[in-house]
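Here's the structure, in structure tokens; my notes come after.
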Amino acid sequence: MKAEELKLVTEWDKTFPESDKVDHSKVTFINRYGITLAADMYVPKDAEGRLPAIAVSGPFGAVKEQCSGLYAQTMAERGFITIAFDPSFTGESSGEPRYMASPDINTEDFMAAVDFLSLCEKVDPERISIIGICGWGGMALNTAALDPRIKVTVASTMYDMTRVNANGYFDSEDSEEQRYEKKKAMAAQRLEDLKNGTYKRAGGCLPLPVPEDAPFFVKDYSEYYKGRAYHARSLNSNDGWNVTGCQSFMNQPILKYSDEIRSAVLIIHGEKAHSCYFSKDAYANMTKDSKYTDNKELMIISGAVHTDLYDNLNVIPFDHIEEFIRKYI
């Protein structure tokens, strides 16, 4: 398969400062569905020999110019070759129609990133890790359950996107009737989209200032996506996913056989994050009745909220992430 030629932005348009400790370039690679993915590659300056590598993506509805790029650049400063990539149908990556998601294709995106790094002449193919943030933390764990080439997986402030789509936040919509109403609404929207020739968008984060009576986590998201980390290509910063973009998540749960993951896994979450239950439950399910618990860790950061692990350099435990990865690669 031949990669599609993408029109990639060449100037620095990230939501974080450019580091003088790494070399930055744009790269592309193709997944097994023929979708060409765009990524930013970060290489330590004066790098010699084949280095360990990390593929980074997330959050769900973000772009590589936001926090996945910050993670990738920071880990490159610490001696890793890294890529931060846009998932299929989003950002600078290809895939039509736009703003769609799939548990299968998005897991494949991570595996395709591992393919790319494995064949890169600068990378030691025996020392490849992945980092998934927010909804891509769940995708990273799902990838780890499938791909034994991955030596270490880090899931930061993770969401299980299948669970939240099927059950709602805090499992508050976990009933047959509520799921049925969602399914009816999306089935009707499919026909409206076909009639109109366009896909209705679900809407991104609330504009600033967020109403005072909004839940804290709603304000938290808006302050990040609409404020300090706004980006023109980010779904969450603008009109969001298509209404039907996540339809298949309702009946395609990820994390099956997570208790069979043999490679190392570090799950990180903020104590005060609304989403912390995703990480706690994922860790419990991964380690329950598992033979492979010695290299698994759940790290809860005192006082931290969900987006602290997006871009707060005083909170993101990069020292521990590096230590954990180096221990198991």
Side-chain angles (χ1 to χ4, degrees), residues 31-33 52-60 71 85 87-88 101-118 123-167 171 174 246 248-269 275-300 320-329:
N31 70 17
R32 66 186 173 96
Y33 292 101
I54 307 171
V56 190
S57 197
F60 196 77
Y71 272 67
F85 65 89
S88 296
S102 159
D104 182 16
I105 295 175
N106 292 151
T107 300
E108 164 61 21
D109 289 341
F110 249 135
M111 296 175 74
V114 175
D115 292 341
F116 171 79
L117 290 173
S118 296
V123 170
D124 181 346
E126 298 301 320
R127 295 192 293 165
I128 294 175
S129 304
I130 61 175
I131 297 175
I133 306 158
C134 190
W136 278 80
M139 293 299 174
L141 291 181
N142 201 50
T143 308
L146 281 168
D147 195 334
R149 297 173 299 174
I150 297 166
K151 296 301 185 290
V152 181
T153 298
V154 178
S156 180
T157 196
M158 74 159 281
Y159 262 54
D160 177 343
M161 293 308 303
T162 56
R163 180 176 176 180
V164 76
N165 274 279
N167 298 349
D171 298 326
D174 186 12
C246 299
S248 64
F249 282 74
M250 293 197 56
N251 202 42
Q252 293 187 36
I254 57 175
L255 307 185
K256 186 70 173 175
Y257 306 121
S258 65
D259 60 338
E260 296 180 8
I261 298 174
R262 300 188 183 189
S263 57
V265 176
L266 170 63
I267 300 177
I268 307 166
H269 224 110
S275 49
C276 193
Y277 69 99
F278 289 119
S279 284
K280 290 179 177 178
D281 289 355
Y283 179 79
N285 292 332
M286 179 174 60
T287 55
K288 181 182 178 182
D289 300 324
S290 172
K291 297 183 292 183
Y292 312 104
T293 59
D294 289 347
N295 57 359
K296 308 296 188 294
E297 180 182 341
L298 173 63
M299 182 182 190
I300 302 297
H320 188 66
I321 292 172
E322 178 186 358
E323 178 185 8
F324 188 88
I325 291 176
R326 291 197 182 278
K327 180 178 180 180
Y328 291 108
I329 58 172

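All values below come from the heavy atoms of this structure, side chains included, with hydrogens, waters and symmetry mates left out.
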Original post:
Nearest 0.5 Å, what's the OG-NZ distance between S263 and K296?
Top reply: 6.0 Å
Original post:
Quick one: CG on L298 to CE on M286, what's the gap to the nearest 0.5 Å?
Top reply: 8.0 Å
Subject >> Presence of salt bridge, D160 and R163, under 4.0 angstrom >> reply: no
Original post:
What are the two closest heavy atoms between M158 and S279, and how far apart are they?
Top reply: CG-OG, 3.0 Å
Original post:
Do the side chain of K327 and the main chain of E322 share a donor and acceptor less than 3.5 angstrom apart?
Top reply: no
Original post:
Would V152 and L266 count as a side chain to side chain contact (heavy atoms under 4.5 Å, CB included) if you check the C-alpha gap in whole Å, the side-chain angles of each, and the deciding distance to 0.1 Å?
Top reply: CA-CA 8 Å; V152 181; L266 170 63; 5.7 Å; no
**OP:** Mind listing the closest non-hydrogen atom pair of F324 and N295 along with its distance?
**Re:** CZ-O, 3.6 Å
Original post:
About how many Å separate CZ of R149 and OG of S118, when rounded to the nearest 0.5 Å?
Top reply: 5.0 Å
Original post:
Given I54 and I325, is the side chain to side chain contact (heavy atoms under 4.5 Å, CB included) satisfied, shown in steps?
Top reply: CA-CA 10 Å; I54 307 171; I325 291 176; 3.8 Å; yes
Subject >> Single hit among D115, N31, N142, T143 for side chain to side chain contact (heavy atoms under 4.5 Å, CB included) with F110 >> reply: T143
Original post:
Got K151 and E126 here, is their nearest side-chain heavy-atom distance under 4.5 Å?
Top reply: yes
Original post:
What are the two closest non-hydrogen atoms of T162 and Q252, and how far apart are they?
Top reply: CG2-O, 3.0 Å
**OP:** Please name the pair of heavy atoms, one in S57 and one in F85, separated by the smallest distance, quoted to 0.1 Å.
**Re:** OG-O, 3.1 Å
**OP:** Could you grab the distance from atom OG of S156 to atom CD1 of I267, nearest 0.5 Å is fine?
**Re:** 11.0 Å
Original post:
Is the closest side-chain heavy-atom distance between W136 and N106 below 4.5 Å?
Top reply: yes
Original post:
With side chains defined as the heavy atoms from C-beta onward, is the minimum distance between V164 and F278 less than 4.5 Å?
Top reply: yes
Original post:
Between Y71 and I321, what is the shortest heavy-atom contact and its length?
Top reply: CE2-CD1, 4.3 Å
Subject >> pair S129-V154: side-chain heavy atoms closer than 4.5 Å >> reply: no
Original post:
Any sub-3.5 Å donor-acceptor pair from N165's side-chain atoms to M161's backbone N or O?
Top reply: yes
**OP:** For P59 and C134, work out which heavy atoms get closest and say how close.
**Re:** CB-CB, 3.3 Å
Subject >> Contacts of type salt bridge (Lys or Arg N to Asp or Glu O under 4.0 Å), residue D259, not counting sequence neighbours >> reply: none
Original post:
Is atom CG of D281 surrounded by more than 12 heavy atoms (other residues, nucleotides or ligands) closer than 6.0 Å?
Top reply: yes
**OP:** Rounded to the nearest 0.5 Å, what's the gap from OH on Y277 to OG on S275? Could you check?
**Re:** 8.0 Å
**OP:** To the nearest 0.5 Å, tell me how far I261 CD1 sits from L146 CG.
**Re:** 9.0 Å
Subject >> Under 3.5 Å side-chain donor-acceptor pair for D109 and S88 >> reply: yes
